[in-house]
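Data first, discussion second: the structure below is written as structure tokens.
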Amino acid sequence: MSRSSSWLPLLFTRLTWGLFALSLGTLVWSPNLEGAGDVLLRVDGLARVMALVTTFVSGIVHSFSRRYMAGAKRLNAFYGRLFGLTLIVLVLTAANHLVLFAGAWAAMGWVLADLIGHVRGWPQARAASRYARQHFLGGSVLLAAALGLLGGGAEAWTISGVLAAVGTLPTFVVAGAAGLLLLVAMVQSALVPFHWWLLSSMTAPTPVSAFMHAGLVNAGGVLLARFAPVVFEFPVVMSAIVLVGGVSALLGQAWMLVQTDVKRQLGASTVAQMGFMVLQCGLGFIPAAIAHLILHGFYKAYLFLASGSAVKHTAPGRPEAPGTGVVGGLVTAAAAIGGGGLFALLTGKSLTALNSGTVLTAFVVLAVLHATRTLVRRSSLSRPVRIALVPSILLPTLALYAGIYKGVGVLFVDVPSAAAPTALTPLHAVLLVVFGGAYVAVERGWHRASTRLYVALRNTAQPLSTTLLNNRDQYNAH
């Protein structure tokens, strides 16, 4: 191993952890950028939260990669791109100038596509890199068009200036920009129908997958949060955000159930979680979306980095999950209702004033119900232990989520339109009914019982054929 190969990974790892320490410092001290500095960068609550999350996940990935990537080819290039991508994301989240924001967005996609195709010897990796780069370039063009509309209409070239002028801009400018921003968010966060680039990126080294799924795909939610006054201006745009988020959440969850590959299963899960994140933006709760982003990022990074230990060869089967019994059913129902009430209490959501906050609480109830039933059906523990673990594990976890939600809300006092609950619409009601029906379908195992449904789900979640690596010898060679 060359001298540069031995010290560059360590250097970049220490620099990343140094950036994390600086990000921690910004939670209690925010730099005051005046003059030209304020035009280029603005360190507000969103920038501070995202800097903390990005540098922490990046630090973990850098540290993990020192052993995982040891002996790999082009190691210096790998670490250089990984650290460079971290810096780009930090600039993106703090950028205030429209050109700087658009440039950082384009650079983020370009470097990420390079990392997806890091293993140059695999034709499949090169194909995945090209496919992802096409999506990212398309998203960058759409973003440039949206920012050009806003900047030209407002005659301002800073994000703060554009957002301050939203109320004075022509309707077609704001509506057009909002639609373009939604499309950009859908591409970056791999929402339906742009999910194939993410499911086709499994040739990326596992540390890249961890960083990508834990942080970079979240940029769609960050974009909607940054330009919340624009996308929140029209109820029809909010409804569109709810719709695309809800559809992606449902399909992503369904695709996850029929995957047999560990990393692709995690990829489908990311599509679902990004859908939930964007859905929360559409309900008008940016702090909830960012809290979801944080928790999902940490958990998904762990799952990808630990995915090697979960790989095993096995034949597909139809395992019968143990029943929950009457007591288990009552406990899960009580935990779900109690969890929803606890979330509403801790986050200030009214259970009497019906609005999008009620919808968010209903989704929390459904999520807790699913989690509790999964826990009490684990056959590795006795039934009394499983039932006793429900309130002792899930309710504190829910309290943690609510606490992060409130903490993000405190930091977002300087972020315009961070929380803007919307009135209930028929779309919200339909979405709740569909989610409830999907929950029943999963519980009854219809995705396995129906061959037609199973095949349809498998086919719609297939990655690009040129990115599939089926030759073990070719894999082992790299």
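Everything quoted here is computed from the prediction, not taken from an experiment.
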Residues 269-284 side chain polar contacts: donor-acceptor under 3.5 Å, at least two apart:
residue : atom : partner : partner atom : Å
Ser269  : OG   : Lys300  : NZ           : 3.3
Thr270  : OG1  : His213  : ND1          : 2.8
Thr270  : OG1  : Leu266  : O            : 3.1
Thr270  : OG1  : Lys300  : NZ           : 2.8
Gln273  : OE1  : His292  : NE2          : 2.8
Gln280  : OE1  : Tyr401  : OH           : 3.0
Gln280  : NE2  : Phe276  : O            : 3.2
Gln280  : NE2  : His292  : ND1          : 3.4

Identify every side-chain donor-acceptor pair in residues 242-259 under 3.5 Å, counting partners at least two apart or on other chains, and give the distances.
residue : atom : partner : partner atom : Å
Ser248  : OG   : Val192  : N            : 3.0
Ser248  : OG   : Val244  : O            : 2.9
Trp255  : NE1  : Thr460  : OG1          : 2.8
Gln259  : NE2  : Trp255  : O            : 3.3

Can you list, pair by pair, the side-chain donor-acceptor contacts under 3.5 Å of residues 427-435, counting residues two or more places apart and other chains?
residue : atom : partner : partner atom : Å
His428  : ND1  : Thr425  : N            : 3.1
His428  : ND1  : Thr425  : OG1          : 3.3

Check: residues 8-21 side-chain donor-acceptor pairs under 3.5 Å, at least two apart:
residue : atom : partner : partner atom : Å
Thr13   : OG1  : Pro9    : O            : 2.7
Thr16   : OG1  : Phe12   : O            : 2.8
Trp17   : NE1  : Gly59   : O            : 3.4
Trp17   : NE1  : Ser63   : OG           : 3.0

Atom pairs and distances, side-chain donor-acceptor, residues 125-132, under 3.5 Å, sequence neighbours left out:
residue : atom : partner : partner atom : Å
Arg126  : NH1  : Arg120  : O            : 2.5
Ser129  : OG   : Ala113  : O            : 2.7

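Taking 4.5 Å as the limit, every side-chain heavy atom of Leu87 sits out of range of all side-chain heavy atoms of Val91. In this structure, the side chains of Leu85 and Val111 come closer than 4.5 Å at one or more pairs of heavy atoms. In this structure, Ile290 and Pro287 have side chains that are not in contact, with every pair of non-hydrogen atoms separated by 4.5 Å or more. Residues Val119 and Thr203 are not in side-chain contact: their nearest non-hydrogen atoms beyond the backbone lie 4.5 Å or more apart. Residues His62 and Leu82 meet the side-chain proximity criterion, which asks for heavy atoms closer than 4.5 Å. Between Leu100 and Leu41, some side-chain heavy-atom pair lies under the 4.5 Å cut-off. In this structure the side chain of Lys263 reaches within 4.5 angstrom of the side chain of Thr206, judged on heavy atoms. A heavy-atom distance below 4.5 Å is found between the side chains of Pro463 and Arg264.
Judged purely by atom type and a 3.5 angstrom limit, Ser58 has no side-chain atom pairing as donor or acceptor with the backbone of Thr55. Trp196 places no side-chain N or O within 3.5 Å of a backbone atom of Leu464 that could act as its donor or acceptor partner.
No option in Val57, Leu112, Ile88 other than Leu112 meets the side chain to side chain contact (heavy atoms under 4.5 Å, CB included) test with Leu216.
Phe211 has its ring centre no less than 6.0 Å from the ring centre of Phe304. For an aromatic pair to be called close, the ring centres must be under 6.0 Å apart, and Phe101 with Phe227 satisfies this. Taking the six-membered ring wherever Trp is involved, the centroid distance between the rings of Trp197 and Phe136 falls below 6.0 Å.
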* Verdict with supporting geometry, Gln124 and Thr466, side-chain contact (heavy atoms from CB on, under 4.5 Å) -> CA-CA 6 Å; Gln124 294 86 351; Thr466 54; over 6 Å; no
* **Step-by-step side-chain contact (heavy atoms from CB on, under 4.5 Å) determination, Trp105 to Val184** => CA-CA 10 Å; Trp105 189 277; Val184 176; 3.5 Å; yes
* Report the C-alpha separation of Leu181 and Val237 in whole Å, then their side-chain angles, then the decisive distance to 0.1 Å, and conclude whether the side-chain contact (heavy atoms from CB on, under 4.5 Å) test is met. => CA-CA 10 Å; Leu181 290 171; Val237 176; over 6 Å; no
* Could you check Leu52 against Ile294 for side-chain contact (heavy atoms from CB on, under 4.5 Å), going step by step and ending with a plain yes or no? => CA-CA 10 Å; Leu52 188 66; Ile294 294 171; over 6 Å; no
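The OG atom of Ser189 sits 8.5 Å away from the CG atom of Leu223 when rounded to the nearest 0.5 Å. Once rounded to the nearest 0.5 Å, the distance linking NE2 of His296 with CG of Leu303 reads 8.5 Å. To the nearest 0.5 Å, atoms CE (Met202) and OG1 (Thr467) are separated by 9.0 Å. With rounding to the nearest 0.5 Å, the separation of CG in Leu293 from CG in Asn218 is 3.5 Å. Note: Leu191 CG to Leu183 CG = 10.5 Å, rounded to the nearest 0.5 Å. A distance of 4.5 Å separates CG of Leu457 from CG of Leu453, quoted to the nearest 0.5 Å.
When all heavy atoms of Ala268 and Leu199 are compared, the pair lying nearest together is N-CD2, 3.7 Å. Listed here is the closest heavy atom pair of Leu149 and Gly176: CD1-C, 4.1 Å. Leu305 approaches Pro207 most closely through the heavy-atom pair CD2-CA, 4.2 Å. When all heavy atoms of Gln188 and Gly220 are compared, the pair lying nearest together is CG-N, 3.9 Å. The two atoms that bring Ala102 and Leu147 nearest to each other are CB-CD1, 3.9 Å, heavy atoms only. Annotation for His118 and Phe78: closest pair CE1-CB, 3.4 Å, computed over non-hydrogen atoms.
Classification of the Phe285-Tyr405 ring pair by plane angle, with boundaries at 30° and 60°, yields tilted.
Side-chain atoms of Tyr79 and Ser65 include no donor-acceptor pair closer than 3.5 Å.
Residue pairs that meet the salt bridge (Lys or Arg N to Asp or Glu O under 4.0 Å) test with at least one member in residues 99-119, sequence neighbours left out, are Arg81-Asp114, Asp114-Arg133.
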